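Down below is the structure, laid out as structure tokens.
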Amino acid sequence: MKLSLSVPADFNLHRTIYSHGWSSLPPFSTEKNRILLSRADELPSGGVVFYSISQPKKKLLTIDVDAKKGAAEHRSEILRQVKSCLRLDEDYSEFYRVSKKYPHFRWTAKTGAGRLLRAPSVFEDAVKMICTTNCSWALTKIMVNNLCRKLGKKIAADIYTFPSPKAVARVTEAFLRKEIKAGYRAPYLLELSRRIVNGDLDMESWRISTKPTPELYDEVTGVKGIGPYAAANILKLIGRYDYLGIDSWCRKQFSTMYKDGRKVSDRTIEKFYNHYGAWRGLFFWLDLTKHWYEKEYPF
DNA sequence: GCGTCCAGGTCTACC
DNA sequence: GGTAGACCTGGACGC
């Protein structure tokens with residue numbers, strides 16, 4: 001089954017797929033030499049699907065739903081998931097208007113950069129974000145792969161969905177430590193999942209929250225295992241760009257770009273991007289990753 | 001092949 | 001409010 005979806009004129013699938021590392025973590029996957037994003041999904045209705053997204057025309061996406069790898073009849077649900085992951089319902093015209101004021105950032109509007117790929121659920125984004133903390137990218141990939149393979153639903157050979165909060169909540173801390181390789185993050189993942197299942201935590205409401213960002217930031221950092229770095233990046237995937245989310249890679253990259261490799265404090269970096277206002281987190285990220293598209297993606 | 005060391009973000013205890 | 005140490009793993013390195 002093939003679905004079509006019209007997209008805003010400023011949308012660029014290539015830029016969104018490679019906006020950060022999510023496209024190389026399951027249940028997302030990409031293909032070498034093709035601008036194509038695939039995903040295995042367990043839909044809110046319970047159906048499982050596998051689909052691939054391409055952009056044959058500037059204002060049109062094609063979604064190829066593989067009928068052999070899951071039920072293909074969930075048309076509206078699939079479209080809703082794709083729109084959410086690719087940030088198609090969000091308006092970036094204000095961001096591009098601001099970016100045009102800065103010669104250093106005029107390229108963002110010209111290339112359609114800015115939409116950061118996200119998962120259909122905040123839960124998946126949050127779990128993955130915790131799995132990026134205090135470890136190498138290689139270990140993040142191992143943890144997320146294990147989560148999908150051992151707790152997700154199998155769709156086809158080597159294709160699994162991301163586990164639901166319920167699926168994570170029913171395993172033990174020892175399982176998460178040893179089988180998923182989450183190590184000391186295991187109690188964080190377990191508490192997060194169990195709080196969702198018990199109804200103590202409604203992460204999904206963060207995407208539609210009208211709370212001021214600092215208030216939401218406090219709520220996000222209130223979840224065990226989510227500190228300043230993870231919270232800032234989760235907020236970016238919600239559409240709030242007030243915080244930078246500086247990690248060791250960002251510090252190094254900033255230092256290389258602007259300080260001849262000298263050590264820099266986070267305060268210096270924050271001051272550097274402060275005048276970009278509510279969009280500073282997005283300017284910060286696009287600035288540090290601009291070279292990816294000219295050289296090679298690091299994930 | 002084995003042992004040691006280091007990097008990485010967050011939490012907790014302590015000052 | 002700031003700081004030190006623990007947490008855990010993979011990878012780099014030396015032997």
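Below, read A as the first sequence line, B as the second, and so on, with proteins coming before strands; counting in each chain starts at 1. Only this structure's heavy atoms are used, side chains among them; waters, hydrogens and symmetry mates stay out. Only a predicted model underlies this, so the values are computations on that prediction, with no experimental measurement involved.
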Check: Tell me the salt bridge (Lys or Arg N to Asp or Glu O under 4.0 Å) pairs involving residues 136-151 of chain A, sequence neighbours left out?
Finding: A/Arg149-A/Asp158, A/Lys150-A/Glu179
Not counting sequence neighbours, which residues clear ring pair (Phe, Tyr, Trp, His ring centres under 6.0 Å) with [X]? List them please.
X	value
A/Tyr258	A/Phe254, A/Phe272
A/Tyr51	none
A/Phe28	none
A/Tyr188	none

Item checked: Inter-end axis angle, the helix from B/dG1-C/dC15 to B/dC15-C/dG1, with every axis fitted to five base pairs (rounded, 10 degrees) ->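 Here the local axes at opposite ends form an angle of 30°.
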For nucleotides 2-4 of chain C, list the nitrogen or oxygen atoms of the protein found under 3.5 Å from its nitrogen or oxygen atoms, one pair per line.
none

Check: In terms of side-chain geometry, is the basic nitrogen of A/Lys211 or A/Glu219 positioned less than 4.0 Å from the acidic oxygen of its partner?
Finding: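 Counted as a salt bridge, because a side-chain N and a carboxylate O are separated by less than 4.0 Å.
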Between atom [atom1] in [X] and atom [atom2] in [N], what is the gap in whole Å?
X	N	atom1	atom2	answer
A/Asn146	C/dC8	CG	C1'	15 Å
A/Leu189	C/dC7	CG	C1'	14 Å
A/Met143	C/dG10	CE	P	9 Å
A/Leu139	C/dA12	CG	C1'	15 Å
A/Arg185	B/dG8	CZ	C1'	8 Å
A/Leu190	C/dC8	CG	P	15 Å

Next item on the list: Using only side-chain N and O atoms of A/Thr132, determine if any of them is under 4.0 Å from OP1 or OP2 of B/dG9.
Entry: no
Item checked: Under 4.5 Å side-chain linkage, directly or through intermediates, the cluster mates of A/Leu60 ->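 A/Leu60 shares its hydrophobic cluster with no other residue.
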Next item on the list: Could you tell me how the ring of A/Trp292 sits relative to the ring of A/Trp249: parallel (under 30°), tilted (30 to 60°) or perpendicular (over 60°)?
Entry: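 Plane angle between 30° and 60°, so tilted.
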Check: Parallel, tilted or perpendicular: which describes the rings of A/Tyr102 and A/Phe283, with under 30° parallel and over 60° perpendicular?
Finding: perpendicular
Next item on the list: Between protein and nucleotides 10-15 of chain B, map the contacts as a letter string: B base, S sugar-phosphate only, - none, heavy atoms under 4.0 Å, written 5' to 3'.
Entry: SSS---
Note to self: Walk me through whether A/Arg97 and A/Glu94 qualify under salt bridge (Lys or Arg N to Asp or Glu O under 4.0 Å).
What the structure shows: CA-CA 5 Å; A/Arg97 194 189 62 74; A/Glu94 172 63 12; 2.9 Å; yes
Checklist line | Near-strand residues of residues 174-183 of chain A, defined as heavy-atom separation under 4.0 angstrom from DNA chain C | finding: A/Arg177, A/Lys181, A/Gly183
Next item on the list: Please identify each residue that fulfils side-chain hydrogen bond (donor to acceptor under 3.5 Å, both in side chains) with A/Arg170, with sequence neighbours left out.
Entry: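 If we apply the side-chain hydrogen bond (donor to acceptor under 3.5 Å, both in side chains) test to A/Arg170, skipping adjacent residues, there are no hits.
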Notebook entry, point to check: Who passes side-chain hydrogen bond (donor to acceptor under 3.5 Å, both in side chains) against A/Ser38, sequence neighbours left out?
Noted result: A/Ser52
Note to self: Checking salt bridge (charged side-chain N to carboxylate O under 4.0 Å, His left out) between A/Asp125 and each of A/Arg207, A/Lys236, A/Arg118, which is the one that passes?
What the structure shows: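 Running salt bridge (charged side-chain N to carboxylate O under 4.0 Å, His left out) over A/Arg207, A/Lys236, A/Arg118 with A/Asp125 returns exactly one hit, A/Arg207.
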Next item on the list: Please work out if A/Ser136 contacts a base, only the sugar-phosphate, or nothing of the nucleic acid, heavy-atom cut-off 4.0 Å.
Entry: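 A/Ser136: no heavy atom of the nucleic acid under 4.0 Å.
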